[in-house]
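Just the heavy atoms: all of them, side chains too, but no hydrogens, waters or symmetry mates, feed the values below. All ligand and atom numbering here is 1-based and tracks the order in the structure. Heads up: numbering here begins at 1 and tracks the sequence.
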Amino acid sequence: MDKSKRKVVIAGNWKMNMTPSEAKTAVAETAKLTDSMNGCDVVLCVPFVDIASAVEAAKGTNVKIGAQNVHFEAKGAFTGEISAAMLLETGVEYVIIGHSERRQYFGETDATVNARTKAALAAGLKVILCLGEVLSERESGITSEIVSMQTKLDLAGISAEDMKNVIVAYEPVWAIGTGLTATPDQADEVCGIIRSTIADLYSADIADATVIQYGGSMNDGNAAELLSKVNVDGGLIGGASLIPAKFAKIVEAAQA
Ligand code: PEP
């Protein structure tokens, strides 16, 4: 397993936090603190209404901006939804799809995650595809089956070529926003299961080149150890991404 084939990606998920003016300040501060840290890609995924000010504040810096969802249809009568073309035109490069909060509270299924992923990739966006088991699944010993099934369903019909623009974020649902973190070995094991599922679906080369992040209460205290694992190529960070100084420490930990 050659980790050097993959660039580490540290992405923040602000969820429903920050007004546009707060976003401007936080992006500028994050950019300043991570200015010389070129050993990984740095992404902040912000609420839709913050995109304009975040993109403006990130101009000329190493921070890239992402959105937190995208609709699968190109246009039409879908009140409240945002298309991939709309995101692209605002300057967004990345989009999170299938976050557990969308699956849990907004009826997201593997079928809709797959449709959104296809629409985002077709428009030229990079996708951070989230998946992971809930606590009862881990306790029943079916984590491996769950994540490989989600990987297969969420990536169904996505071409090998498009996999260059897919990052998978392994996010055990029991670890998101709870302060509980998977141990580095647990994170490595499940990221490895996702990687071998991708190898079965595509090829060993594509699996080796796919960035697989860990997400779930990653913070400035535990990032270095999690990121040291061979199958963990970065992090998707919720709470700690809201505080630029904390987020910058995670980016720093990814430089090693
Ligand atoms: C997330 O929102 O994807 C996440 C991992 O959140 P937190 O870091 O707060 O657990």
Side-chain angles (χ1 to χ4, degrees), residues 8-18 22-23 26-27 30 34 40-48 50 54 63-70 92 94-106 108 113 116-117 120 126-135 137-138 143 146-147 150-151 154 166-184 186-188 190-191 194 211-227 229 231-254:
V8 170
V9 180
I10 301 294
N13 172 17
W14 281 0
K15 312 192 186 194
M16 196 175 72
N17 292 289
M18 304 267 191
E22 289 167 344
V27 170
T30 303
T34 60
C40 67
D41 284 350
V42 182
V43 184
L44 288 173
C45 297
V46 308
F48 291 131
D50 292 349
V63 174
K64 296 167 173 54
I65 302 301
Q68 298 173 12
N69 196 15
V70 63
V92 159
Y94 289 80
V95 60
I96 294 174
I97 295 177
H99 191 279
S100 70
E101 287 149 17
R102 303 248 22 121
R103 293 181 191 251
Q104 228 175 325
Y105 308 133
F106 300 101
E108 197 77 67
V113 168
R116 290 181 207 278
T117 301
K126 296 187 177 94
V127 171
I128 299 175
L129 171 64
C130 301
L131 52 89
E133 82 286 2
V134 299
L135 187 58
E137 291 164 343
R138 176 157 286 268
T143 296
I146 293 295
V147 297
Q150 289 176 327
T151 304
D154 296 351
V166 174
I167 292 171
V168 179
Y170 165 54
E171 299 211 299
V173 179
W174 49 271
I176 298 178
T178 57
L180 296 173
T181 316
T183 64
Q186 285 173 328
D188 192 45
V190 183
C191 289
I194 294 167
V211 173
I212 303 179
Q213 299 173 317
Y214 167 77
S217 301
M218 188 185 272
N219 59 43
D220 46 334
N222 59 26
E225 216 191 330
L226 286 159
L227 295 169
K229 292 294 173 181
N231 278 300
V232 179
D233 309 317
L236 182 58
I237 297 115
S241 71
L242 294 168
I243 303 159
K246 276 185 188 279
F247 187 64
K249 287 256 183 260
I250 299 173
V251 176
E252 195 181 334

Contacts of type side-chain contact (heavy atoms from CB on, under 4.5 Å), residue Ser241, not counting sequence neighbours: Trp14, Ile237, Phe247
pair Tyr214-Pro172: side-chain heavy atoms closer than 4.5 Å: yes
Electrostatic pair Arg103-Asp154, nearest N-O below 4.0 angstrom: yes
Under 4.0 Å from ligand 1, counting heavy atoms only: the protein residues, by chain and number: Asn13, Lys15, His99, Glu171, Ala175, Ile176, Gly177, Gly215, Gly216, Ser217, Leu236, Ile237, Gly238, Gly239
Which residues share a side-chain contact (heavy atoms from CB on, under 4.5 Å) with Lys126, sequence neighbours left out: Glu93, Tyr94, Asn165
Qualifying residues under side chain to side chain donor-acceptor pair (under 3.5 Å), relative to Lys249, sequence neighbours excluded: none
Within-4.5 Å side-chain heavy-atom neighbours: Leu131 and Val168: yes
